[in-house]
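See structure below.
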Amino acid sequence: MATPLETVIAAARDLLGERLSTNATLREHHSHGQDTQPPHLPDAVAFVETTAEVARILALCHTHGVPVVPWGAGTSLEGHVTPVRGGITLDLSRMTRILATSQEDMDCRVEAGVTRDQLNTHLRDAGLFFPVDPGTAACTLGGMCATRASGTNAVRYGTMRENVLGLTVVLADGRVIRTGGRVRKSSTGYDLTRLFIGSEGTLGVITEVGLRLHGIPEAISSATCQFDDLRAAVETVITVMQSGIPVARIEFLDEVQIAASIAYSKLTGLEAKPTLFFEFHGTEASVAEQAAQAEAIARDYGAHGFRWATDPAERAKLWQARHDALWAALALKPGYQGLTTDSIVPISALAEAVLGTKADIAASGVTAAVVGHVGDGNFHTVILVPPGPEGLAQAWELDKKIVARALALGGSCSGEHGVGLGKREFLEQEHGAEALAVMRSIKQTLDPRGVMNPGKMFLN
Ligand SMILES: Cc1cc2nc3c(=O)[nH]c(=O)nc-3n(C[C@H](O)[C@H](O)[C@H](O)COP(=O)(O)OP(=O)(O)OC[C@H]3O[C@@H](n4cnc5c(N)ncnc54)[C@H](O)[C@@H]3O)c2cc1C
């Protein structure tokens, strides 16, 4: 008699034909994301193309109790996509249709496998853009919803939480629901859209996403400046934010990260010193005013070497270097892995959090770069992990110290990467046992058989 898994694979093959694969290379590709968790193979990979196909496969998995792991591009950083209990990996990367765009209402509806780069290329001629920009262009809008992603622009435009208007979601048992709508606000019912934003594939599969769009600003100006002292760089950020200057981007790179980025991205005119990258959006006049205010604050804290980039190619090079920060840090130690922390604190606690992290790095003796979306109080430590279990254990110890400080300062263990496998142990401390119990009961209600991305978000 066929096992439940064999039954599901046979039925999925009837539905998808060659788009249901048990090919070893494809299974290996879907056995991990961009993380340091041990990989685990799915039993099969299903390349779905429609909401109806997703619904059919989820209904099958629900009926037979077979795990199913949604997959966008596999760029997540906390073991989110590792099928720790095997089963079917549901790859949505072929769902790439842009379904509707409205210039008048500044919104659009896309399938979950559309990437942010694909969307922005499509929007450019309409004078619109979608601002949320995780550091990798490959990630999908479905994956970005599922991890509640953000990026360098979040300080001005918000995260996926603020920029998603509505969703189409296939529930664990195959039912299809639409959440939200096209309006900018509504006070009807529970906010199911936000329930699925950040649900990491544990509650259902997002197949369509309705998004808010923004007008491409008339003027954009970027700048870099450097400091002899790390505290001065961080204090500059705090003062800029507290002054209410509407910066579009404000990123911090410590001396290790900027040295790595200079080498990797061939940046010129910068030294290995704590550095800020700024960007301002608006009219010519408002950008000039914002830039002057921020520069004055930075100079008060001893910033030097201000360099302004208004030329699009120069700006693109600068922000590509910021997006490539992880690869640049990894290039410092060939053969090492990167464990990336993601803590976030209230802006007033940023100096304490970053300086404490630097002290922890020095005490641990590891090589690590600090880089982050500091305007939100969010920063990453890219810990370079040598091959072997000892190095990984040491890196996790450092990660725990950084998280403990962030939580003690009223922050969160993850500003944007999510929980996956790597951050599960911090959830109870961050949210409290009662709130965690409510989260578990939501999971139980929507996925009573526990087939949706099992093992993620919650310990056990
Ligand atoms: C170099 C680099 C830089 C990065 N920088 C940032 C950054 O600045 N900000 C940031 O937020 N993140 C960043 N990330 C992390 C990553 O890009 C984001 O987490 C991204 O949102 C993941 O998208 P994805 O399509 O690759 O999703 P995947 O990795 O495929 O999946 C992520 C999670 O979402 C679930 N999922 C995927 N698609 C769906 C769907 N359609 N429905 C339901 N669940 C789904 C998966 O099961 C999994 O739990 C970075 C990663 C790298 C490698």
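Counting starts at 1 for both ligands and their atoms, in listed order. Not measured: the values here are computed from a predicted model.
- Checked for salt-bridge contact, Arg182 and Asp107 meet the test: a charged N lies under 4.0 Å from a carboxylate O.
- Gln37 CD: more than 12 foreign heavy atoms inside a 6.0 Å radius.
- Salt bridge absent: Lys273 and Glu255 never bring a charged side-chain N and a carboxylate O closer than 4.0 Å.
- Ring pair Phe130/Tyr157: centre-to-centre distance not below 6.0 Å.
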Does the pair Leu421 and Arg424 meet the rule for a side-chain contact (heavy atoms from CB on, under 4.5 Å), with working shown?
CA-CA 6 Å; Leu421 296 170; Arg424 291 174 301 172; 3.8 Å; yes
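- At a 4.0 Å heavy-atom cut-off, the residues surrounding ligand 1 are Gln34, Pro70, Trp71, Gly72, Ala73, Gly74, Thr75, Ser76, Leu77, His80, Val81, Leu92, Ala112, Pro134, Gly135, Thr136, Cys139, Thr140, Gly142, Gly143, Met144, Ala146, Thr147, Ala149, Ser150, Gly151, Glu200, Gly201, Gly204, Val205, Ile206, Leu326, Trp327, His373, Glu416, His417, Asn453, listed by chain and number.
- Under a 3.5 Å cut-off, the side chain of Arg156 and the backbone N or O of His281 do form a donor-acceptor pair.
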